[in-house]
Amino acid sequence: MTRIGLEFFARDVLVVARDLIGVTVLVDGVGGLVVETEAYHREDPASHAFRGPTARNISMFGPPGHTYVYLSYGMHWCLNFVAHRGDGGSGILIRALEPTHGLGEMARRRGIAGPRSLCSGPGRLTQALGVTRAQNALPLDAPPFELHAREADLPIAVGPRIGISQAQDRPWRFGLAGSPYLSKPFSPRT
DNA sequence: CTATAGATAATCT
DNA sequence: GATTATCTATAGG
């Protein structure tokens, strides 16, 4: 079991988004395996950072390896990892986990029984892990966060991002191929 | 299985 | 005032 350091995130955001699949993410010991991510680049009309720094997105312009947490649709927190090579403004939305640690705690927070939809969506996983604005702009190599490197190569699926109205053609969604814990399946091929 | 409405509030124009 | 990197319940095929 190898800890992931902040240097992991000091690379191109598309590379990091792909490499995050299979990484274990824990918040206060609760969490699981990353099975779905989306990259948001600074020069990307779909990104919050597209129009430059604001009070909300300022943590995306900070150092790599830190969190960016924001409220979506007035009720769901979304967790992002900041990743860039010194220029700032890019991040990765964590869209789904395969639950492995603290299943009972996650089920209690979510108010549901089965494991299938505990963390299968960006709003769902933040509720399961207890992530809110209180975890914004925090480093990922220190508590309450704990990241472990993946232990084997995994089949990666790629496709267009979900829920956006700009730059819908960019294939910047990455996932663990065939995982039952994805927020939505990937199309076979186009 | 797909489609759609409604909830609900920060953020930005 | 409009938009939004979502989720859930419900209705229909």
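As the structure is a computational prediction, the values presented were derived from the model and not from experiment.
- If you measure from atom CD1 of A/Ile94 to atom P of C/dT6, you get 14 Å, rounded to the nearest angstrom.
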Within the 4.0 Å limit for protein heavy atoms, which parts of nucleotides 8-13 of chain B are touched? Write it as a string from 5' to 3', B for base, S for sugar-phosphate only, - for none.
BB-SSS
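- At distances below 3.5 Å, at least one donor-acceptor pair connects side-chain atoms of A/Arg110 with backbone N or O atoms of A/Ser117.
- One finds no side-chain N or O of A/Arg173 lying less than 4.0 angstrom from the OP1 or OP2 phosphate oxygen of C/dA5.
- When the C1' atom of C/dT8 is taken as reference, atom CD of A/Gln127 falls 11 Å away, rounded to whole Å.
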Does the side chain to side chain donor-acceptor pair (under 3.5 Å) test come out yes or no for A/Gln127 and A/Arg109, once each step is laid out?
CA-CA 7 Å; A/Gln127 185 182 19; A/Arg109 288 173 176 154; over 6 Å; no
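- Counting any heavy atom pair closer than 4.0 Å across all strands shown, A/Leu93 reaches a base atom.
- Rounded to an integer number of Å, the gap from A/Arg161 CZ to C/dT6 P is 11 Å.
- Both A/Tyr70 and A/Arg110 lie close to DNA chain C; mapped to their nearest nucleotides by heavy-atom distance, the more 5′-ward contact belongs to A/Tyr70.
- Nearest-nucleotide positions on DNA chain C place A/Gly163 closer to the 5' end than the other of A/Ser117 and A/Gly163.
- Distance CZ (A/Phe50) to P (C/dT4): 14 Å, rounded to an integer number of Å.
- Rounding to the nearest 0.5 Å places CG of A/Leu6 at 5.5 Å from NE2 of A/His66.
- Stem list for DNA chain C (at least 3 consecutive Watson-Crick or G-U pairs, distances under 3.5 Å): B:1-7 with C:6-12, B:9-12 with C:1-4.
- At distances below 3.5 Å, at least one donor-acceptor pair connects side-chain atoms of A/Thr67 with backbone N or O atoms of A/Leu138.
- Taking the ring axis of A/Phe8 as reference, the NZ or CZ atom of A/Arg11 stays within 45° of it and closer than 6.0 Å to the ring centre.
- For A/His48 and A/Tyr70, the ring centers are positioned less than 6.0 Å apart.
- Checking the phosphate oxygens (OP1, OP2) of C/dT6, no side-chain nitrogen or oxygen of A/Ser183 falls inside 4.0 Å.
- Rounded to whole Å, atom P of C/dT6 lies 12 Å from atom CG of A/Leu125.
- A/Asn57 places a side-chain N or O within 3.5 Å of a backbone atom of A/Gly52 that can act as its donor or acceptor partner.
- When distances are taken from the side chain of A/Ile164 to each of C/dC7, C/dT4, C/dA5, the shortest belongs to C/dA5.
- In this entry the distance linking CZ of A/Arg42 with P of C/dA5 reads 19 Å, nearest Å.
- Within a 6.0 Å radius of CD in A/Glu43, no more than 12 heavy atoms belonging to other residues, nucleotides or ligands are found.
- The distance between atom CG of A/Leu79 and atom P of C/dC7, rounded to the nearest whole Å, is 13 Å.
- With sequence neighbours left out, A/Arg42 forms a salt bridge (Lys or Arg N to Asp or Glu O under 4.0 Å) with no residue at all.
- Rounded to whole angstrom, the span from the CD atom of A/Gln168 across to the P atom of C/dT4 amounts to 10 Å.
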